[in-house]
2 protein chains.
Amino acid sequence: MKISDLATRTGLTAHTIRYYERIGLMPAADRDSSGHRAYDERTLVWVEFLGHLKTTGMPIRDMLDYARLRAAGAGTEGRRKAMLAQHRAVVAQRVVDLNECLDVLDAKIAGYGD
Amino acid sequence: MKISDLATRTGLTAHTIRYYERIGLMPAADRDSSGHRAYDERTLVWVEFLGHLKTTGMPIRDMLDYARLRAAGAGTEGRRKAMLAQHRAVVAQRVVDLNECLDVLDAKIAGYGD
DNA sequence: CTACAACTTCGAGCGCACTCTAAGTCAAGC
DNA sequence: GCTTGACTTAGAGTGCGCTCGAAGTTGTAG
């Protein structure tokens with residue numbers, strides 16, 4: 001898979017994918033015979049997971065912490081699990097906050113009448 | 001109410017409040033005898049509402065559109081209602097997305113075992 | 001053979017939302 | 001009278017997450 005294919009399938013741009021690699025969010029990509037980046041399905045899965053973290057508002061520096069643990073491999077599962085569990089709690093709270101805001105919006109919208 | 005009081009009660013800083021005034025998110029504040037900003041409860045309500053819009057991810061430029069309609073007064077209620085209704089739909093979708101991400105996180109967390 | 005598109009690296013630039021600094025004014029307490 | 005601390009202005013600086021541009025190389029279609 002070329003970088004443009006990965007871009008299409010993830011919704012990112014090739015520029016953004018290279019940026020992610022540069023800052024360490026993605027491991028250095030394999031290269032084909034002409035020096036172009038060649039990706040496999042595992043990379044796609046990883047980028048999609050990063051997308052979930054991004055959707056839930058995790059800052060890149062935290063994703064980097066997680067990516068480094070992942071790169072370190074065995075022995076870091078406990079810390080990775082703890083990171084995700086902690087993040088999960090933050091996201092769950094944000095859902096609660098957003099639902100409260102939806103109520104406020106509904107009240108305000110209703111206040112404008114028909 | 002002085003700017004420091006408004007800051008305390010809204011969780012913003014005095015710097016941020018002045019910034020909001022500068023860009024037009026808040027009307028020019030009344031001044032006391034020594035030229036300091038003096039706020040009333042209505043301003044507090046407005047800032048809190050801005051806080052809800054911010055929590056729900058509305059960009060400042062959209063808040064500005066809303067603030068301008070509000071400042072224009074009567075005759076803009078329809079458009080204000082439409083803006084909020086549109087935003088409400090976006091926020092509701094984000095709640096859906098976040099809940100999906102929570103499922104992904106739960107699956108990942110479970111995958112790490114005990 | 002020649003376009004042309006897609007890739008490469010490096011580094012600069014951008015939009016957002018603050019955040020802070022500097023220099024000065026003013027009111028209250030010791 | 002003097003210090004202290006909160007206020008004032010204008011404008012510069014920060015951190016984040018991209019986003020783009022320039023200049024060069026390579027693979028493919030006509």
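Lettering of chains follows the sequences in order, A, B, ..., and the numbering in each one begins at 1.
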**Q** What nucleic acid atoms does B:R18 come within less than 4.0 Å of, heavy atoms only: base, sugar-phosphate, or nothing?
**A**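 Base contact.
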**Q** Please round to the nearest 0.5 Å and tell me the distance separating atom CG of A:L98 and atom CZ of A:R94.
**A** 5.5 Å
**Q** Going by atom types alone, do B:D5 and B:T8 pair a side-chain donor with an acceptor below 3.5 Å?
**A** no
**Q** Under 4.0 Å, counting only non-hydrogen atoms across every strand here, what does A:I3 touch: a base, just sugar-phosphate, or nothing?
**A** sugar-phosphate
**Q** Can you name the residues that form a side-chain contact (heavy atoms from CB on, under 4.5 Å) with B:R31, not counting sequence neighbours?
**A**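 side-chain contact (heavy atoms from CB on, under 4.5 Å) check on B:R31 returns B:E21, B:R37.
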**Q** For D:dT9, does either OP1 or OP2 sit under 4.0 Å from a side-chain N or O belonging to B:R37?
**A**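 Looking at the OP1 and OP2 atoms of D:dT9, one of them is under 4.0 Å from a side-chain N or O of B:R37.
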**Q** Quick one: B:I23 CD1 to D:dA10 C1', roughly how many Å, whole number?
**A** 16 Å
**Q** Within this structure, what is the CG-to-P distance between A:L25 and D:dC16, rounded to whole angstrom?
**A** 13 Å
**Q** Using whole Å, report how far CD of B:E21 lies from C1' of D:dT8.
**A** 11 Å
**Q** Classify every nucleotide of nucleotides 17-30 of chain C by which part a protein heavy atom approaches to under 4.0 Å, writing B for the base, S for the sugar-phosphate alone and - for neither, in 5'-to-3' order.
**A** BBBBB----SS---
**Q** Using a 3.5 Å cut-off and no angle test, enumerate the donor-acceptor pairs between side-chain atoms of residues 65-74 of chain A and protein atoms at least two apart in sequence or in another chain.
**A**
| residue | atom | partner | partner atom | Å |
| --- | --- | --- | --- | --- |
| A:D65 | OD1 | A:R68 | NH2 | 3.2 |
| A:Y66 | OH | B:Y112 | OH | 2.5 |

**Q** Between D:dG27 atom P and A:D5 atom CG, what is the distance in whole Å?
**A** 16 Å
**Q** Is there a path of hydrophobic side-chain contacts, each under 4.5 Å between heavy atoms of I/L/V/M/F/W/Y residues, joining B:V95 to A:V90?
**A** no
**Q** Using 4.0 Å as the upper bound for N to carboxylate O, is an ion pair formed by B:R9 and B:E41?
**A** yes
